[in-house]
Amino acid sequence: MDDEVQPISFSQLVHQDVERLCREASIEDAKFKVEQFTQFVIDILTTADQLDDGTICNYGKTDGKAGTNTIRVNGYDFNEIEDTLDIFICSDYSGKEPPTNFSRPQIDELFAKGQRFFEAALVDLYEKIDEANEAHNLAREIHSRYKKHQLSRVRFMLFLDGVSKTKEKDSERVKDFDFLYRIYDLNSLERYAESTKERPPIEIDFRSFGETVPCLPIVSCGDDFDACVAMISGDLLCKLYAEHGSRLLERNIRSFLQSKNKINSKIKETIQKTPERFLAYNNGISCTAEHVDFEFKGEGCKIIRIKNFQIVNGGQTTASIYNAFKKHKADLSKVQVQAKISIIKNPELVDETVKKISLYANSQNKVSQSDFDALEPFHAKIEQFSRTVWAPSSPRHMHMSKWYYERARGAYGDEKSRSRRSAFVSTYPENQVFTKTDLAKYESVWDELPQRACLGEQKNFRDFTNRTSNADPKIEVDRQFFMDAVAKRLLYEAVLDVVKRVKLPAYRAQTANYALAYVLHNERQNLDLKEIWRLQAVPPLMVAALEACVPVIHKRLSDSFGGQNVTEWCKKDICWETISSLKIKTPSISAAKGRDMESKES
């Protein structure tokens, strides 16, 4: 009953997506499935504000006698502002339905494998791992940051292809680090996936931190919101940021701050030298909330609890206070921060009001309206064209079909489950799906910014958002823009196919980004995106040029970093300057060759 519409569980949606990506890449081995599952989880957690980004890194060390892994890591992310390392440990991928149930001993052993990796990396593990393995870069970076005292907290994040009722371990202090343990099973991932549609509010009971927040009496500002001015201690603000991290900051502002990634030196200087003057020198923070509980004693008023608390202006102040404490051990006991709190009484106005307060309040750092819109209309238009524009028939698909633009991860599988399967897949083939982060990667490479594409999916997406928001003239999303985007996807597919055939040992994604950017740098004038769209294929001479470039560029990326971490080297502008100046002999491309290809195929 292939055409019968059947309800689909979240776990089935995850497994279908992983299997689809494996089929699309023509890779079915267990390691690749674990990588795809890990990336799926990273995408959900970044969208739900639990992560900033993540890098895939598969490594396991086997006990020769027992034949089992004693060390494991599947990915990581460094948060520069918080001196935090996130280590991802992924269970084996099974794809079982119903999902596997993980016990406490199994959970503890997986956490132990990740912890062993970290502790070995503090010493000399990087010397024992092949430099071609991403784990070498991670282990060396851990060792380096440890020596420089640039690491204070480690979050071990367990990704389970299954479910578990096991309670998370309490955080603990080990050597010089705070260890935190987080479990993400399919049930919790489903909740996070749902929460991206409506983010769960941050609720804070200040008494749990041993404090309350003194404030002036509340002022009514009409039917929509009330306001009050409060005084938050530096200690408390630091604790709040330590617990909630960047989720405490309004989402679009946080993206803006991450793209700048600077700590205000004047704020740091005030905290260290004249903390008692901080209140006089600093403008304070602007916050929003849905509801506030007050405590009245005599003539005094204090805030004891707050719901849906967000800092919409003052993110740099907050992060600077946190860093002054974590990095410089600053005494925050004399630091006081003024907080203007807008209490939004109408839930339907929360998103709109937060954006407007963010925009009007920010004067210390220039933030434009486009930064707050986060290009949602931009992506919505692309999605609309993806549902209406038919791609020509080709050897790829012998009938006309459409390219599916997935604005939210898992939307393709969800829509497929709610449709007649055979008809849906015929219209939207599985190998014609691309996401927002995919588009950002294709556009970065097309703009000859491979170093940005190497930043990681989420960081590159934020960079792409900033570039597109500030483009002059503004980018118009029309039918041609969509078709060109698909052509760029086909170009990226072509370079990935070449990389796969060459069987590079490491740095495949980085090589793909740089090789395609290099060919575009030298042959752009001879490349016709309209022709690629019409043929739904890349000209053979373009493929030949990529085949000539890939091995050379891979070797230069590996050799020319001068002792640096290769992954980090690939993110630098100087890396692209080095690669773009190479003289690689490649066949010349011309638009006419594309027409030759059509005649050969017909």
Side-chain angles (χ1 to χ4, degrees), residues 7-22 30-58 60 68-69 72-77 85-118 154-172 179-200 243-245 247 408-411 413-414 417:
I8 185 170
S9 67
F10 178 78
S11 62
Q12 290 173 315
L13 181 67
V14 174
H15 294 149
Q16 285 185 11
D17 201 60
V18 170
E19 299 296 335
R20 175 183 64 79
L21 291 169
C22 290
K31 180 181 176 181
F32 189 74
K33 289 183 178 181
V34 169
E35 289 180 1
Q36 294 306 311
F37 178 73
T38 303
Q39 187 62 59
F40 190 98
V41 178
I42 290 172
D43 289 346
I44 288 176
L45 296 181
T46 50
T47 306
D49 301 335
Q50 300 301 303
L51 276 177
D52 288 331
D53 212 331
T55 300
I56 300 296
C57 170
N58 276 320
T68 57
N69 284 125
R72 176 180 295 192
V73 64
N74 297 96
Y76 67 94
D77 184 50
L85 165 64
D86 293 328
I87 289 182
F88 313 146
I89 310 110
C90 189
S91 68
D92 292 337
Y93 177 84
S94 68
K96 286 183 178 179
E97 293 291 344
T100 303
N101 200 322
F102 285 82
S103 65
R104 163 61 75 184
Q106 291 173 305
I107 297 289
D108 288 344
E109 179 54 27
L110 285 167
F111 273 130
K113 291 177 180 180
Q115 192 166 330
R116 290 184 202 118
F117 175 89
F118 176 76
V154 184
R155 294 196 303 175
F156 295 97
M157 308 178 79
L158 182 56
F159 301 167
L160 296 179
D161 179 26
V163 296
S164 179
K165 295 183 179 179
T166 302
K167 183 181 178 182
E168 290 180 343
K169 292 174 62 176
D170 292 333
S171 59
E172 56 184 346
F179 280 2
L180 291 81
Y181 304 91
R182 299 288 182 263
I183 300 173
Y184 299 94
D185 68 351
L186 291 172
N187 287 334
S188 63
L189 290 172
E190 181 175 15
R191 290 192 290 272
Y192 281 117
E194 287 296 317
S195 75
T196 60
K197 301 171 185 176
E198 183 177 346
R199 288 185 290 155
E243 177 162 324
H244 298 285
R247 282 194 66 228
R409 185 71 189 258
D414 182 55
S417 72

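What you see below is based on every heavy atom in this structure, not just the backbone, and it leaves out hydrogens, waters and symmetry mates.
Taking all atoms of both residues into account, the shortest heavy-atom contact from L160 to S91 is CA-OG, 3.6 Å. Minimum interatomic distance between Q36 and C22 (heavy atoms only, all atoms of both residues): CG-SG, 4.3 Å. The two atoms that bring V163 and N187 nearest to each other are CG1-ND2, 3.6 Å, heavy atoms only. When all heavy atoms are compared, the tightest approach of G162 to P99 is CA-CB, 3.9 Å. Of all the heavy atoms in I183 and S188, the pair that sits closest is O-OG, 3.9 Å. Q50 approaches M157 most closely through the heavy-atom pair O-CE, 4.4 Å.
How far CZ of R72 is from CG of L158: 9.5 Å, rounded to the nearest 0.5 Å. Atom-to-atom distance recorded for K33:NZ and F40:CZ is 15.5 Å, nearest 0.5 angstrom. Separation of atoms CG (L110) and CD (Q106) is listed at 7.5 Å; rounding is to 0.5 Å. Here the straight-line distance linking atom OG of S11 with atom CG of D185 works out to 11.0 Å at 0.5 Å rounding. Note: I44 CD1 to L51 CG = 11.0 Å, rounded to the nearest 0.5 Å. Separating the CZ atom in F88 from the CG atom in L45 is a distance of 8.0 Å, to the nearest 0.5 Å.
With sequence neighbours excluded, the residues forming a salt bridge (Lys or Arg N to Asp or Glu O under 4.0 Å) with D77 are K459, listed by chain and number. Applying the ring-ring contact (aromatic ring centres under 6.0 Å, His included) criterion to F118, with sequence neighbours excluded, gives F177, F179. Take T100 and apply the side chain to side chain contact (heavy atoms under 4.5 Å, CB included) test, not counting sequence neighbours, and it matches S94, K96, F102. Residues satisfying the side chain to side chain contact (heavy atoms under 4.5 Å, CB included) test with K169, not counting sequence neighbours, are R104, D108, F111, E172, Y181. For T55, the side chain to side chain contact (heavy atoms under 4.5 Å, CB included) partners at least two apart in sequence or on another chain are Y76, E134. A search for salt bridge (Lys or Arg N to Asp or Glu O under 4.0 Å) contacts involving R116 returns E109, not counting sequence neighbours.
For the pair V14 and L189, the minimum side-chain heavy-atom distance is 4.5 Å or more. A heavy-atom distance below 4.5 Å is not found between the side chains of V34 and K31. For the pair L186 and D161, the minimum side-chain heavy-atom distance is below 4.5 Å.
When ring centroids are compared, F37 and F159 stay outside the 6.0 Å threshold.
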